[in-house]
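Everything below concerns the one structure shown next.
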Protein chains: 2
Amino acid sequence: MGDTFFWDDTGDIIRVLARQFGILNANCCDTCCGEEVSLVQSHIIIEIDRRTNPSMQEVARSLGMDITTFSRQIKTLESRRLVTRCQDPGDKRINLLKLTPEGVQVKQQINNRMKEYLELLFSELTEFERDTVVRSVRLLSRAMEKTGICCLR
Amino acid sequence: MGDTFFWDDTGDIIRVLARQFGILNANCCDTCCGEEVSLVQSHIIIEIDRRTNPSMQEVARSLGMDITTFSRQIKTLESRRLVTRCQDPGDKRINLLKLTPEGVQVKQQINNRMKEYLELLFSELTEFERDTVVRSVRLLSRAMEKTGICCLR
DNA sequence: TTGTTTTACTTGACTTTTGCAAGTTTTTAT
DNA sequence: ATAAAAACTTGCAAAAGTCAAGTAAAACAA
């Protein structure tokens, strides 16, 4: 665990990977469909889809976004009819978010494009390596959820 | 390979992970040191460090950044004395980039902070899982370099 | 050699995105 | 009932990104 070289290196690689997947994602958004969806907007769409009727706070926090920026993004997405807002019946302060059918469709298209890229990327790997990678991604994802590491401010 | 559910899911997880590592990285920049370094600036610094005397084009391309934005960022970083530029002796059009000692230090500090987070994150995993993850990260990184997948425009 | 094209960057003039401060409305706590 | 907190929204200023145009050096072609 005290192996400095090892950690330095891994940290670097992870950072670069994260950046590159970001670019990849952005490309998917650009090229997937007529709809112009920015990278952050795609994240918002994905996150709304992953949750069930989340509040704005909930989504904004999970994305590590400032609520004010988020508020404006939602306004945009709403005007493009990709997302709808409705008041929480139990608490009038809260807006619950949902994807419109178009929103779902956009999400699907981004996903498909991503899938193409991933297939290309994974074609570089052997069956065994592929499994390793998929397992790892899940492990990391779960670990991150547990530690809540990403969103501390 | 035709397992739709599998791929959909993996794509989602990777996207979310990439986002979260981005946030993580941004947090590292915010909290690591007195120096105020934005996320993009940290990526630039890291990328310059990873290469040996890269040109501006080289770094900008690898980060998927517009050269004009990049040019201005370098100007800023130069004025903060984190990066230096010098003319390529063989081709006067080209500016070669290098981190200053301060730049290296900033990079180190961001790295250390990242290391702390990673250790926390990895403490959720068993020794075996940790190895799996580290191996995967390298595999992905290499595969991405091969396909050049990230930066196609 | 000379003229044309390409490459590597810079600058100007925008538009978009973001973040802080301050405000509104509703809920919770005292 | 009053104060404090939570969930947003809006104003404003700074940061980042884009497009068009420009400079200077290198590569290429006649």
Side-chain angles (χ1 to χ4, degrees), chain A residues 19 22-23 25-27 29-31 35-45 47-48 51 53-80 82-98 151 153, chain B residues 19 22-23 25-27 29-31 35-45 47-48 51 53-80 82-98 151 153:
Chain A
R19 169 89 196 179
I23 298 170
N25 200 163
N27 285 346
C29 295
D30 279 351
T31 61
E35 299 283 346
E36 298 215 333
V37 182
S38 72
L39 183 57
V40 276
Q41 286 173 344
S42 83
H43 283 298
I44 293 173
I45 289 175
E47 207 54 34
I48 293 176
R51 296 159 189 267
N53 280 9
S55 72
M56 293 184 59
Q57 287 287 346
E58 196 181 333
V59 179
R61 285 229 183 87
S62 77
L63 293 173
M65 278 181 78
D66 190 288
I67 186 71
T68 70
T69 308
F70 188 80
S71 173
R72 276 182 264 253
Q73 287 286 5
I74 290 296
K75 203 158 69 174
T76 309
L77 289 172
E78 202 181 17
S79 72
R80 287 200 203 157
L82 300 176
V83 167
T84 48
R85 248 187 297 208
C86 77
Q87 216 177 38
D88 184 328
D91 184 340
K92 289 179 198 163
R93 291 170 306 177
I94 297 176
N95 287 322
L96 302 177
L97 301 172
K98 230 179 101 174
C151 305
R153 283 269 167 186
Chain B
R19 168 87 198 179
I23 299 169
N25 200 164
N27 285 346
C29 295
D30 278 352
T31 61
E35 299 283 348
E36 299 215 334
V37 182
S38 73
L39 184 56
V40 275
Q41 287 172 344
S42 84
H43 282 298
I44 293 174
I45 289 175
E47 207 54 34
I48 293 176
R51 296 159 189 265
N53 281 7
S55 72
M56 293 186 59
Q57 287 287 348
E58 196 182 334
V59 179
R61 285 228 183 87
S62 77
L63 292 173
M65 278 181 78
D66 190 289
I67 186 69
T68 69
T69 309
F70 188 80
S71 174
R72 276 183 260 255
Q73 286 286 5
I74 290 296
K75 204 158 69 174
T76 309
L77 289 173
E78 202 180 17
S79 72
R80 287 200 202 156
L82 299 176
V83 167
T84 49
R85 247 186 296 208
C86 76
Q87 218 178 37
D88 184 327
D91 184 339
K92 290 179 197 164
R93 292 170 304 177
I94 298 175
N95 287 323
L96 302 177
L97 302 172
K98 230 180 100 175
C151 304
R153 284 266 166 189

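Here the structure is a predicted model, which is why all the values come from computation and not from measurement. In the text below, chain A, chain B and the rest are named by the order of the sequence lines, each starting its count at 1.
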Check: [Y] and [X] side chains under 4.5 Å, non-hydrogen atoms:
{"X": "His43(A)", "Y": "Gln73(A)", "value": "no"}
{"X": "Gln87(B)", "Y": "Arg93(B)", "value": "no"}
{"X": "Leu63(A)", "Y": "Arg19(B)", "value": "yes"}
{"X": "Gln41(A)", "Y": "Thr76(A)", "value": "yes"}
{"X": "Lys98(A)", "Y": "Val83(A)", "value": "no"}

[X] has an atom [atom1]; how far is it from atom [atom2] of [N], in whole Å?
{"X": "Ile44(B)", "N": "dA15(D)", "atom1": "CD1", "atom2": "P", "value": "15 Å"}
{"X": "His43(B)", "N": "dG17(D)", "atom1": "NE2", "atom2": "C1'", "value": "16 Å"}
{"X": "Ile67(B)", "N": "dT18(D)", "atom1": "CD1", "atom2": "C1'", "value": "14 Å"}
{"X": "Ile74(A)", "N": "dT17(C)", "atom1": "CD1", "atom2": "P", "value": "14 Å"}
{"X": "Met65(A)", "N": "dT18(C)", "atom1": "CE", "atom2": "C1'", "value": "8 Å"}
{"X": "Gln57(A)", "N": "dT27(C)", "atom1": "CD", "atom2": "P", "value": "15 Å"}
{"X": "Leu39(A)", "N": "dT18(D)", "atom1": "CG", "atom2": "P", "value": "12 Å"}
{"X": "Asp66(B)", "N": "dC14(C)", "atom1": "CG", "atom2": "P", "value": "18 Å"}

Subject >> Single hit among Leu77(B), Leu39(B), Leu82(B) for side-chain contact (heavy atoms from CB on, under 4.5 Å) with Ile44(B) >> reply: Leu77(B)
Subject >> Pairwise distance CG(Leu96(B)) to CZ(Arg51(B)) - rounded to 0.5 angstrom >> reply: 13.0 Å
Original post:
For DNA chain C, whose closest nucleotide is more 5', that of Val40(A) or that of Met56(B)?
Top reply: Met56(B)
Under-4.0 Å side-chain N/O to phosphate OP1/OP2 contact, [X] with [N]:
{"X": "Thr69(A)", "N": "dT17(C)", "value": "no"}
{"X": "Lys75(A)", "N": "dT10(D)", "value": "yes"}
{"X": "Gln73(B)", "N": "dA16(D)", "value": "yes"}
{"X": "Arg85(A)", "N": "dT9(D)", "value": "yes"}
{"X": "Thr68(B)", "N": "dT11(C)", "value": "no"}

Original post:
The side chain of Arg61(B) lies closest to which of these nucleotides: dC8(D), dC9(C), dA8(C)?
Top reply: dA8(C)
Original post:
Among dC20(C), dC8(D), dT18(D), which nucleotide sits nearest the side chain of Arg72(A)?
Top reply: dC20(C)
Original post:
What are the residues of residues 90-97 of chain B, sorted by number, that bring a heavy atom to within less than 4.0 Å of DNA chain C?
Top reply: Arg93(B), Ile94(B), Asn95(B)
